[in-house]
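Data first, discussion second: the structure below is written as structure tokens.
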Amino acid sequence: MEKPERLIVDGKRLDGRAPDELRPLRIKAGVLKRADGSAYVELGRNKILAAVYGPREMHPRHLQQPDTAVLRCRYNMAPFSVEERKRPGPDRRSVEISKVAREALEPVVFLELYPRAAIDVFIEVLQADAGTRTTGITAAAVALADAGIPMRDLVAAVAVGKVDGTIVLDLTSEEDQWGTTDMPVAIMPRKKLITLLQMDGHFTGEEFRQALSLAFKGCEQIYEAQKQALRERYSVKREEGE
Amino acid sequence: MMYEIVSTVKRDYIIDLARQGKRVDGRALDQYREISVEKNFVEPAQGSALVKLGNTQVLVGVKLERVEPFPDEPSSGVLIVNAELLPLASPTFEPGPPDENAIELARVVDRGIRESKAIDLEKLGIKPGEEVWAVFVDIHVLDHDGNLIDASALGAIAALWSMKPPDVEDWKLPEFPISKKPVAVTIAKINERLMVDPCLDEENVMEARVTITTTEDGSICAMQKGGVGCFTPEELEAAYELARAKAEELRKFIG
């Protein structure tokens with residue numbers, strides 16, 4: 001695809017969204033039979049699955065911690081999730097994303113309740129359209145809750161950025177590719193704490209402040225959808241006439 | 001990588017010091033350790049710099065090589081940043097392929113240089129679609145006493161500013177096309193306090209860190225939060241102001 005002349009026309013983005021608008025979001029909790037917890041998230045064209053196993057015995061044993069559980073995280077992209085086939089297996093990008101995703105989720109999990117155990121989070125990107133790490137974290141938080149693991153809060157995540165000089169919420173891959181800046185953010189919404197922050201591109205100090213507050217706004221919306229997904233999963237449905 | 005073990009006494013001591021606005025090595029919260037940058041430390045590299053940040057030592061070498069361009073950028077040069085956490089640098093480093101810490105280090109340094117557009121990669125084409133120059137920035141960590149990111153980023157940009165054009169026929173430019181000086185400043189959070197340039201003891205007890213890379217005009221070109229703690233938006237604003245002020249000091253060492 002060629003670079004479009006402008007990515008924002010008359011205040012609307014290429015897909016018709018306003019700068020502060022999320023893509024259509026759908027979250028479903030408890031989608032996998034075997035996993036202890038799972039979630040499926042669609043954000044625009046992103047399709048992302050997260051599974052949680054554990055707390056379970058840590059293998060290899062030498063990685064056990066005597067006073068706490070260990071949270072492990074693996075972010076993986078399916079070879080068919082992007083236009084050009086992605087070579088299977090971890091590359092440098094996915095190793096880094098796995099690390100920052102783990103650090104984004106760890107603050108909410110009461111790991112100290114499960115000494116010597118492992119909690120494994122698997123994030124599988126089935127279809128990618130920018131914002132896979134943040135959408136993956138959003139899914140993983142729901143999967144952790146679905147697994148019944150004690151948590152302080154959920155983690156909601158979204159990317160913000162700068163496109164044609166405008167601060168925008170939830171970039172698409174076109175906007176990521178041709179925009180100026182990409183800043184993924186994850187927060188613990190109840191205490192308004194930031195657990196993931198990365199950025200590349202160009203921001204002035206003022207733009208950074210604006211972008212951060214827009215990220216909070218987006219995360220609040222995602223947070224509501226996460227809670228709604230968990231309610232739908234666990235609300236008791238009564239049969240007619242009962 | 002193995003874990004660093006920190007005694008509870010030391011941990012409590014550092015955390016309590018932070019509460020009083022003090023640090024384990026007597027520095028102010030906004031004070032770097034002593035910095036030295038020795039450029040052109042190794043001859044076979046086109047550019048190099050040995051950075052000392054207190055006891056932390058990082059050697060960065062830059063080599064230019066001809067490579068095939070990426071298909072999506074057929075006439076543009078290539079920047080490749082790699083970091084090695086050598087086993088000689090710490091009892092916790094082990095031989096083997098780069099672990100997540102080495103990869104994160106390389107990618108944070110890479111982003112600072114790439115996103116600031118410090119190097120004009122467009123000028124590093126040779127034959128469009130066939131051959132371009134690749135700039136290999138290799139970060140060699142020699143002694144790990146904390147804050148490898150800032151030491152490595154400073155070493156990388158200093159090495160790039162020290163580049164001697166290669167003595168080969170295909171090199172047509174009068175000098176290496178570099179124009180900006182991005183500087184990474186890492187801020188650690190311990191006991192609700194923000195401090196720059198964490199030493200190893202501080203890194204081992206910190207809740208989280210954030211690295212903010214800024215250019216000469218004070219704008220941000222890269223950021224990375226690390227560690228399992230959190231930041232408030234107010235703390236991030238304070239961190240940005242710190243990073244901006246400290247980057248000016250560090251930039252003087254690039255030369």
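Numbered from 1 within each chain, the chains take letters A, B, ... in sequence-line order.
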- request: Under 4.5 Å heavy-atom distance to chain A, tell me which part of N82(B) shows up: side chain, backbone, both or neither.
  value: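 Contact with chain A is through both the backbone and side chain of N82(B).
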field: Contacting region of E235(B) [heavy-atom separation from chain A under 4.5 Å]
entry: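 Looking at E235(B), nothing touches chain A.
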- prompt: Who among L196(A), L105(A), L193(A) has the most heavy-atom pairs with chain B under 4.5 Å?
  reply: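 If we count pairs closer than 4.5 Å to chain B, L193(A) comes out on top.
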- request: Identify which of E106(A), R92(A), K191(A) forms the greatest number of heavy-atom pairs closer than 4.5 Å to chain B.
  value: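 If we count pairs closer than 4.5 Å to chain B, R92(A) comes out on top.
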message: Quick check on R102(A) against chain B: is it the side chain, the backbone, both or neither that has a heavy atom closer than 4.5 Å?
response: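 Looking at R102(A), just its side chain touches chain B.
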field: Heavy-atom proximity to chain B below 4.5 Å, by part of K192(A)
entry: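 For K192(A), the contact with chain B is made by the backbone alone.
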task: Tabulate, in ascending numerical order, the residues of residues 107-117 of chain B having at least one heavy atom closer than 4.5 Å to a heavy atom of chain A, or enter 'none'.
output: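 Result: R107(B), R111(B), E115(B).
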query: Under 4.5 Å, heavy atom to heavy atom, which residues of residues 181-219 of chain B contact chain A?
result: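 R209(B), V210(B), D217(B), S219(B), listed by number.
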- request: Determine, stepwise, if the pair M183(A) / M223(B) fulfils side chain to side chain contact (heavy atoms under 4.5 Å, CB included).
  value: CA-CA 8 Å; M183(A) 181 168 92; M223(B) 287 192 279; 3.6 Å; yes
- prompt: K225(B) side chain to T195(A) main-chain N or O, any donor-acceptor pair under 3.5 Å?
  reply: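 Checked: pair present.
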query: Counting N and O atoms only, with roles assigned by atom type, does the side chain of E103(A) sit under 3.5 Å from a partner on the main chain of G227(B), one being a donor and the other an acceptor?
result: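 Flag set: sc E103(A) to bb G227(B) pair under 3.5 Å.
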- prompt: What's the verdict on side chain to side chain contact (heavy atoms under 4.5 Å, CB included) for E100(B) and S98(A), showing C-alpha distance, side-chain angles and the deciding distance?
  reply: CA-CA 9 Å; E100(B) 61 176 25; S98(A) 300; 5.7 Å; no
task: Determine which residues belonging to residues 199-212 of chain A lie within contact range of chain B, meaning some heavy atom pair is under 4.5 Å apart, and list them by number or answer 'none'.
output: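 Against chain B, the residues of residues 199-212 of chain A that fall inside the cut-off (heavy atoms, under 4.5 Å) are M199(A), D200(A), G201(A), H202(A), F203(A), T204(A), G205(A), F208(A), R209(A), L212(A).
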Residues of residues 140-172 of chain A within contact distance of chain B, non-hydrogen under 4.5 Å: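 Residues in range: none.
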Does [atom1] belonging to [X] count more than 12 external heavy atoms closer than 6.0 Å?
{"X": "R251(B)", "atom1": "CZ", "value": "yes"}
{"X": "E248(B)", "atom1": "CD", "value": "no"}
{"X": "E68(B)", "atom1": "CD", "value": "no"}

field: Euclidean distance, E104(B) CD relative to E96(A) CD, rounded to 0.5 Å
entry: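 So the gap between those two atoms works out to 6.0 Å.
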field: Heavy-atom pair count under 4.5 Å with chain A, highest-scoring of P98(B), G226(B), A222(B)
entry: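 Ranked by heavy-atom pairs under 4.5 Å with chain A, first place is A222(B).
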- prompt: Which pair of non-hydrogen atoms, one from I194(A) and one from T232(B), has the smallest distance, and what is that distance?
  reply: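 Closest approach of I194(A) to T232(B), heavy atoms only: CD1-C, 3.8 Å.
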task: List the atom of P107(A), the atom of C230(B), and the distance in Å for their closest heavy-atom pair.
output: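 What the structure gives for the nearest pair is CB-SG, 3.8 Å.
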